[in-house]
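Just so it is clear: chains get the letters A, B, ... in the order the sequence lines come, proteins before strands, and each one is counted from 1.
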Amino acid sequence: MRYWLMKSEPSEFSIEDLEKRPDQTEPWDGVRNYQARNMMRDEMKMGDQIFFYHSNCDVPGIVGIAKVSREAYPDFTAFDIDNKHYDPGSKPDDPRWFMVDVQFVRKLKRTIALSELKDRPELEGLALIRRGNRLSVMPVSEEQWRFILSLE
DNA sequence: GCCAACGTTGGC
DNA sequence: GCCAACGTTGGC
């Protein structure tokens, strides 16, 4: 099993929104970055664990845990001309963008803030805190996963 | 293939 | 709201 971190703006979709879904599952649509797409399409497997990260908010940081509940399939929002993630270059018979479904596991007891993660030498290699990083889906090593949970 | 212009992300 | 750091686009 592998570990990941996925970013979402809580004003768009928060961990609370995921928890409130009837089956607590949601398609992770709207990713329009090739690196992030490749990880979802090629590497994320059923049951993989995910840190749910809130970005672009008062206290950016890790707020909860989710897991992969459906492996990659075409992101249908790319086909919908009225959707803000519409991409005319992606066709149903030749899709450009893929997504996975994620399912709520639990909220953390507290937000582990980005500022706190940056202070930890143990997390030096974490993609999230590399300068200029803007990836919305990124891998987390098992060691990093355990260490971050120990901060909770 | 180069690179300037432009758009987006996301912390602050 | 500002702006650094990217990624993408498109003219050449």
Inset, instruction - Spell out yes or no: do the side chain of Arg134(A) and the base of dT8(B) have one donor N/O and one acceptor N/O closer than 3.5 Å? - result: yes
Whole-Å distance between [N] [atom2] and [X] [atom1]?
{"X": "Arg96(A)", "N": "dT8(C)", "atom1": "CZ", "atom2": "C1'", "result": "11 Å"}
{"X": "Asp87(A)", "N": "dG7(B)", "atom1": "CG", "atom2": "C1'", "result": "15 Å"}
{"X": "Leu5(A)", "N": "dT9(B)", "atom1": "CG", "atom2": "P", "result": "17 Å"}
{"X": "Tyr34(A)", "N": "dT8(B)", "atom1": "OH", "atom2": "P", "result": "15 Å"}
{"X": "Asn133(A)", "N": "dG11(B)", "atom1": "CG", "atom2": "P", "result": "10 Å"}
{"X": "Leu128(A)", "N": "dT9(B)", "atom1": "CG", "atom2": "P", "result": "16 Å"}
{"X": "Arg130(A)", "N": "dG11(B)", "atom1": "CZ", "atom2": "C1'", "result": "17 Å"}
{"X": "Glu9(A)", "N": "dT8(B)", "atom1": "CD", "atom2": "P", "result": "13 Å"}

Legend entry - Residue of the set Trp28(A), Trp4(A), Phe98(A), Tyr73(A) for which side-chain contact (heavy atoms from CB on, under 4.5 Å) holds with Met40(A): Trp28(A)
Inset, instruction - Enumerate the residues from residues 52-66 of chain A whose closest heavy atom to DNA chain B is under 4.0 Å, giving them by residue number; use none for an empty result. - result: Tyr53(A), Ser55(A), Asn56(A), Pro60(A)
Inset, instruction - Return the set of residues passing side-chain contact (heavy atoms from CB on, under 4.5 Å) with Asp23(A) (not counting sequence neighbours), or none when no residue passes. - result: Arg21(A), Thr25(A)
Inset, instruction - Please lay out, stage by stage, how Arg32(A) and Thr77(A) fare under the test side chain to side chain donor-acceptor pair (under 3.5 Å). - result: CA-CA 11 Å; Arg32(A) 296 294 179 268; Thr77(A) 65; 3.1 Å; yes
Legend entry - Candidate list Tyr86(A), Phe76(A), Tyr34(A), test ring pair (Phe, Tyr, Trp, His ring centres under 6.0 Å), partner Trp97(A), passing option: Tyr34(A)
Legend entry - Salt bridge present between Glu142(A) and Arg146(A) (N-O < 4.0 angstrom): yes
Inset, instruction - Report yes if a side-chain nitrogen or oxygen of Lys7(A) is closer than 4.0 Å to either non-bridging phosphate oxygen (OP1 or OP2) of dG10(B); otherwise report no. - result: yes
Inset, instruction - Respond yes when some side-chain nitrogen or oxygen of Lys118(A) is under 4.0 Å from OP1 or OP2 of dC12(B), and no when none is. - result: yes
Inset, instruction - Fit a plane to each ring of Phe52(A) and Phe13(A), take the angle between them on a 0 to 90° scale, and name the class: parallel (under 30°), tilted (30 to 60°) or perpendicular (over 60°). - result: tilted
Inset, instruction - Of all the heavy-atom pairs spanning Ile112(A) and Ile148(A), show the shortest one and how long it is. - result: CD1-O, 3.4 Å
